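Here is the structure we will look at.
Numbers restart at 1 for each chain; the letters A, B, ... are given by sequence-line order, proteins then strands. Bear in mind the structure is a predicted one, so any value in this text is a computation, not a measurement.
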Amino acid sequence: MNKKFIVYIPAGYPDIQFTKKILEMLNQLPVTGIEIGVPFSDPIADGEVIQIAHQTALKNNINLDIIFNLLKKIKLNSQLFIMSYLNPIINYPFGVKKFLKNLYDCNIKSLIIPDLPNKEIKNLNLNFPIIPFAAPNTNEEEIKIINLLKPEFVYYIARYGITGERKDLPFKDKIKYLKTKINAPICIGFGISTKEQVIEVFKIADGVIVGSTIVKELHTKNLKRIEKKILNLIP
Amino acid sequence: MEFKGYFGEFGGQYVPEILIPALDELERAYNKFKKDKNFWLEYKNLLKDYAGRPTPLYFAKRLSSEYNLKIYLKREDLLHTGAHKINNTIGQVLLALKMGKKRIIAETGAGQHGVATATAAALFGLECVIYMGSEDIKRQSPNVDRMKILGANVIPVYSGSKTLKDAINEALRDWITNLKNTHYVLGSVVGPHPYPTIVRDFQKIIGEETEKQIISKENRLPDYIIACVGGGSNSAGIFYNFINKNVKLIGVEAGGLGLKTDKNAASLLKGKIGYLHGSKTFVLQNKWGQINQTHSISAGLDYPGVGPEHSFWKKIKRVKYIAVNDNEALNAFLKLSKLEGIIPALESAHALAALDKIKFKKNQIVVINLSGRGDKDLNTVLNSLKNE
């Protein structure tokens with residue numbers, strides 16, 4: 001199977017020791033990518049499940065350095081991405097240079113920045129690969145910007161809405177259309193929470209990103225249960 | 001380097017990709033109707049006959065003699081719903097109608113913008129949803145009742161600090177979900193482009209009227225214009241017309257319990273450049289880029305960011321920003337009430353308190369933007385006096 005199966009894990013939820021255990025467990029599963037979520041006080045693209053994870057992690061004083069230190073210690077089999085809102089990145093207290101060095105040291109493939117739309121990527125001039133977004137309302141002009149970036153993959157937002165569990169996969173024609181226009185692989189996230197959806201996505205696109213449906217289970221700290229949850233999503 | 005939607009380096013559109021087409025749609029609609037004489041006529045007629053413009057520029061005689069100045073108050077408090085906010089909500093709801101939107105959403109802190117939005121939505125018969133932090137609902141309950149009577153659905157926001165910033169987060173989440181039929185009426189000169197420009201343009205009438213009025217009364221421009229700055233819409237509204245004129249402009253931020261404490265809302269004086277609610281601007285934040293919880297006695301100023309154009313005016317030193325503490329604002333609130341028979345909003349009381357902070361020359365002309373009336377604040381004021 002050549003499809004990407006990417007799991008979103010909010011760092012430090014319910015605590016950083018458990019994040020380490022989850023990452024070690026993911027190493028044993030057929031997961032192709034891990035998106036590590038950096039907690040933020042104002043996650044505007046996220047639904048309740050991930051909001052709670054961010055708030056809890058912040059109460060635990062989780063910050064980028066704690067996350068970098070963890071990632072430097074673990075050797076991961078799958079591709080690693082950092083998902084963070086823009087402000088904690090730009091205001092990293094030890095400067096952009098040190099931030100980038102940490103990304104390289106942790107073997108991060110790309111950054112995923114939910115409040116950075118494609119057209120602001122060039123204004124930001126960060127000098128590190130950034131995953132662009134596509135959505136049901138993406139137009140020709142946006143597609144051009146996306147293709148110029150030559151990204152590792154394109155994060156397609158499946159619906160008008162925020163993160164959180166759903167059962168459907170709307171706008172399939174849009175996905176098929178984007179597949180003919182976008183050169184990079186297209187992975188689909190936002191509301192992917194059943195195996196049926198994953199099967200649907202694999203037919204028309206290149207991968208999925210699953211978040212809330214797994215994040216919802218993390219507070220149990222029950223590794224077996226979480227492992228089963230993930231395996232149940234993989235066709 | 002100048003990009004579209006920026007004021008110098010500040011502003012931009014730092015929001016999820018899915019909002020970009022909606023912001024583009026709004027920008028196109030605004031640019032189209034900006035040039036449309038009929039649109040502006042309709043807007044100005046509503047401001048005149050419905051909202052009560054022009055507002056008076058009142059010479060505050062007893063206050064003036066107290067300070068040896070000529071102090072004029074721009075009486076935005078006399079507008080329908082009791083604050084300048086209605087200038088913007090009528091404009092934006094009119095724009096929403098032209099765009100064919102059926103549903104209006106807004107955030108509110110003190111409840112003034114919520115009331116002004118619910119009012120404009122009622123006027124045009126549109127569905128209206130207002131997001132308000134659960135903390136603010138507690139401290140501004142009269143305005144919650146007003147919104148409900150006007151037919152709005154007031155949704156409490158329990159996330160984060162449960163105040164204005166979290167109400168904006170929740171309104172943005174709603175907008176992302178309901179783009180097609182919904183217009184988000186942002187209440188201040190904050191947020192992603194084109195909001196800071198649209199809101200400023202709907203508020204700049206304050207400064208335009210002020211110029212005409214002061215010329216007819218004094219035959220010259222004022223020496224100073226003073227206004228409070230939370231997100232910054234009343235101040236941008238009165239400043240904008242004077243940016244290229246020889247007038248000293250003073251923006252007053254909420255100093256809360258003091259700038260040396262972390263209990264304030266002085267984003268321009270104490271913040272770092274960052275990204276919040278779609279724009280690059282000065283933001284109160286901690287070492288790790290997490291947004292701080294702010295404090296001000298005035299719910300309308302209790303916000304960790306500020307409009308990007310203010311950040312620009314600070315950087316080019318066109319506007320001088322200062323801070324006024326809770327107790328100073330409280331004293332100014334009481335002083336104006338007793339000296340002039342005008343109960344100001346606690347927000348506007350910050351601008352009034354600046355009179356004690358600036359070294360004026362005798363008989364200089366000072367215009368203060370009295371952005372709102374203080375009825376909503378009586379509980380807060382009485383409680384604070386009890387605790388003293």
Can you tell which of [options] has the highest number of heavy-atom pairs within less than 4.5 Å of chain B?
options	value
Pro136(A), Ala135(A), Pro88(A)	Pro88(A)
Leu58(A), Ile157(A), Asn139(A), Leu64(A)	Leu58(A)
Ile162(A), Thr138(A), Asp46(A), Ile44(A)	Ile44(A)
His54(A), Glu48(A), Gln51(A)	Gln51(A)

With a 4.5 angstrom heavy-atom cut-off, is it the side chain or the backbone of [X] that approaches chain B, or both, or neither?
X	result
Pro114(A)	backbone
Glu142(A)	side chain
Ile113(A)	neither
Ile90(A)	side chain
Phe94(A)	side chain
Pro132(A)	neither

> Is any side-chain N of the basic residue among Asp65(A) and Lys98(A) closer than 4.0 Å to the acidic one's carboxylate O?
Replying inline: no
> Does a salt bridge link Glu127(B) with Lys102(B), judged by any charged N lying under 4.0 Å from a carboxylate O?
Replying inline: no
> Can you tell which of Lys180(B), Lys165(B), Lys280(B) has the highest number of heavy-atom pairs within less than 4.5 Å of chain A?
Replying inline: Lys165(B)
>> Among Gln293(B), His277(B), Gln285(B), Lys272(B), which residue has the highest count of heavy-atom pairs closer than 4.5 Å to chain A?
In response: Gln285(B)
Near-ring test [Y]/[X], centroid separation under 6.0 angstrom:
X	Y	answer
Phe153(A)	Phe81(A)	yes
Phe312(B)	Phe10(B)	no
Tyr92(A)	Phe99(A)	yes

> Which class fits the ring pair His310(B) and Tyr321(B): parallel under 30°, tilted 30 to 60°, perpendicular over 60°?
Replying inline: perpendicular
>> For Phe133(A) and Tyr155(A), take the angle between the two ring planes, folded into 0 to 90°, and tell me which bin it lands in: parallel under 30, tilted 30 to 60, perpendicular over 60.
In response: tilted
Given heavy-atom pairs under 4.5 angstrom as the criterion, report whether the side chain, backbone, both or neither of [X] touches chain A.
X	answer
Ile273(B)	backbone
Leu179(B)	side chain
Ile18(B)	both

>> Between Asp166(B) and Ser161(B), is there a side-chain donor-acceptor contact under 3.5 Å, judged purely by atom types and distance?
In response: yes
>> Contact between Val190(B) and Tyr303(B) at the side-chain level, heavy atoms closer than 4.5 Å - yes or no?
In response: yes
>> Quick one, Ser311(B) with Thr281(B), criterion side-chain hydrogen bond (donor to acceptor under 3.5 Å, both in side chains). Give me CA distance, side-chain angles, the key distance, then yes/no.
In response: CA-CA 6 Å; Ser311(B) 293; Thr281(B) 190; 2.6 Å; yes
